[in-house]
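Reading through the structure tokens given below for one structure.
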Number of protein chains: 2
Amino acid sequence: MQDAINTWQDVQREVLGRIQNRVWKPGDIIPNEVDLAKEFGCARATVNRALQAVADSGLLDRRRKAGTRVAVNPVRKATLEIPIIRQEIEQRGQHYQYALIEQQVTDPQADMQAMMKLSDGQQLLHLKALHLADGLPHVYEDRWINISTVPEIVAVDWQQNNANEWLVAHAPFSDGDIAFSAGAAGAVEAEILNVPLNTAVFIIERSTWMMQQSITRVRLTYAPGHRLHTTI
Amino acid sequence: MQDAINTWQDVQREVLGRIQNRVWKPGDIIPNEVDLAKEFGCARATVNRALQAVADSGLLDRRRKAGTRVAVNPVRKATLEIPIIRQEIEQRGQHYQYALIEQQVTDPQADMQAMMKLSDGQQLLHLKALHLADGLPHVYEDRWINISTVPEIVAVDWQQNNANEWLVAHAPFSDGDIAFSAGAAGAVEAEILNVPLNTAVFIIERSTWMMQQSITRVRLTYAPGHRLHTTI
DNA sequence: GAGTGGTCTAGACCACTGT
DNA sequence: CAGTGGTCTAGACCACTCC
């Protein structure tokens, strides 16, 4: 006799097993929550919790009235952790340094106004800085911060404070988007990172918001050799 | 008077607002679930659901007995969807084509044997292929498949079948790792992708396993301009 | 219209862990 | 040991959407 199925993790394990053993095949509709709860001898809420977890992982598709089906093309999902740059460097046992290159209050260009969804008249603080690992350029940071959303920033001394860390501590965000790409180092980036012109560099662009209010947009240009790694 | 707080999304919104407005500052312990439920006039389970969601996003740290505190260094997590290449192209409304370039059964080089954690004597099927979008090179696929783990592959006609899709349908995996980087196109890649030598290209390397058994390792070299995008 | 998942409630007990 | 989050239950109503 099999073990009892009581916790939502038990239900999840059972469901995953049936998918892997093809008891429920891709495209199949599985029994509804009420029936599964009866079968497993637990409450419907427990089944619901388990199925939501499996659906989050991409293996099930759920729709009201239509029911729950095994995904035909399970889209695998990788979770990337986005560390503070200081932590990223120090966790590798390297020495971290930060250098401000330039700071300026500006009116946004049209493209930036659109990307950050700014209202007319909102100004930006533009920061350029370099993060170093063991004394060598690691990543060049080109950042815009919305002064309307985070007014305290104008009083911060950016020689002493690192925007990456200051914002994490003082302006938490609820939503954001992030993009990864490859590009050729331009003149400015090549000089700052101390690499030949047109060297292939890894680029991360990130925008963050708190409750529809734009906070910041940053473009990180990594020195050659940087790899972003995770498990699936 | 403010709107009632009934749903867990309402609670989440309220909590995020208090974090943003620094009513609750990084490091602070927030009231326990029972008190919050009383304050909001909802059930404790509703508060729990909301706080779990916020904690999942990294903004809160929760521990039994210790309580819930606002994260000091929120490590944000981004979830990347890893689509089948055909879907990635067709979802953009482009026409998908696949072309096999080369296939070969080989003994692994030492570095590949290490990366795929192969036993001595295990052979690999080496495939090179190109995926095209609207007739233009989109991504060059350089793939090794472990013949010991997936013996059926030797009988597959790779002129007609696309390894990316065949493996998804026939060789589910339990674990994997994935790395993103930027590189300069070498002679082979430049010719296949039809770009100048040393063009900056986006590279994805992925290995997958099923229960400790290596299945496949693939290196995807994208044509210039490719961006990987997601929300945080 | 009817069937399904989404969520809320009130109460209960459990599991972990700081003190 | 005691306080907190983690989870289960049984029942209820709602929201969406397929037929």
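Every chain is numbered from 1 and lettered A, B, ... according to where its sequence line falls, protein lines coming before strand lines. All heavy atoms count here, side chains included; hydrogens, waters and symmetry mates do not.
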> Rounded to whole angstroms, how far apart are CZ on B:Arg62 and C1' on C:dA15?
Replying inline: 14 Å
>> Rounding to an integer number of Å, can you tell me how far A:Asp61 CG sits from D:dT17 P?
In response: 14 Å
>> Let me confirm one number: the NZ-CG distance from A:Lys38 to A:Leu36, rounded to the nearest 0.5 Å.
In response: 10.5 Å
> Quick one: which of C:dT17, D:dC16, D:dC8 gets closest to the side chain of A:Lys65?
Replying inline: D:dC16
>> I'd like to know if the side chain of A:Asp134 reaches the main chain of A:His95, judged simply by a donor and an acceptor atom lying under 3.5 Å from each other, with no hydrogens or angles considered.
In response: yes
> Does any non-hydrogen side-chain atom of A:Asn162 lie less than 4.5 Å from one of A:Tyr96?
Replying inline: yes
>> Need to verify one output field. Residue with the more 5' nearest nucleotide on DNA chain D, A:Arg64 or A:Gln9?
In response: A:Gln9
> Is there a donor in the side chain of A:His138 and an acceptor in the side chain of A:Gln94, or the other way round, less than 3.5 Å apart?
Replying inline: no
>> Nearest 0.5 Å, please: how far is CD1 in A:Ile84 from CD1 in A:Ile82?
In response: 11.5 Å
> What parts of residues 31-39 of chain A reach DNA chain C, counting only heavy atoms under 4.0 Å away?
Replying inline: A:Asn32, A:Glu33
> Taking atom CZ of B:Arg63 as the centre, does the number of heavy atoms from other residues, nucleotides or ligands within less than 6.0 Å exceed 12?
Replying inline: no
>> I'd like to know if B:Arg44 reaches the base of D:dG6 with its side chain, counting only an N/O donor and acceptor under 3.5 Å.
In response: yes
> Do A:Arg62 and A:Glu33 sit within salt-bridge range, that is, some charged N less than 4.0 Å from a carboxylate O?
Replying inline: yes
> Just how far, in rounded Å, is C1' of C:dC8 from CD of B:Gln12?
Replying inline: 16 Å
> Does B:Thr216 use its side chain to pair, donor to acceptor, with the backbone of B:Trp144 at less than 3.5 Å?
Replying inline: yes
>> Can you identify which nucleotide, out of C:dG18, D:dC18, D:dG5, has its nearest atom closest to the A:Ala66 side chain?
In response: D:dC18
> What are the residues of residues 46-60 of chain B, sorted by number, that bring a heavy atom to within less than 4.0 Å of DNA chain D?
Replying inline: B:Asn48, B:Gln52
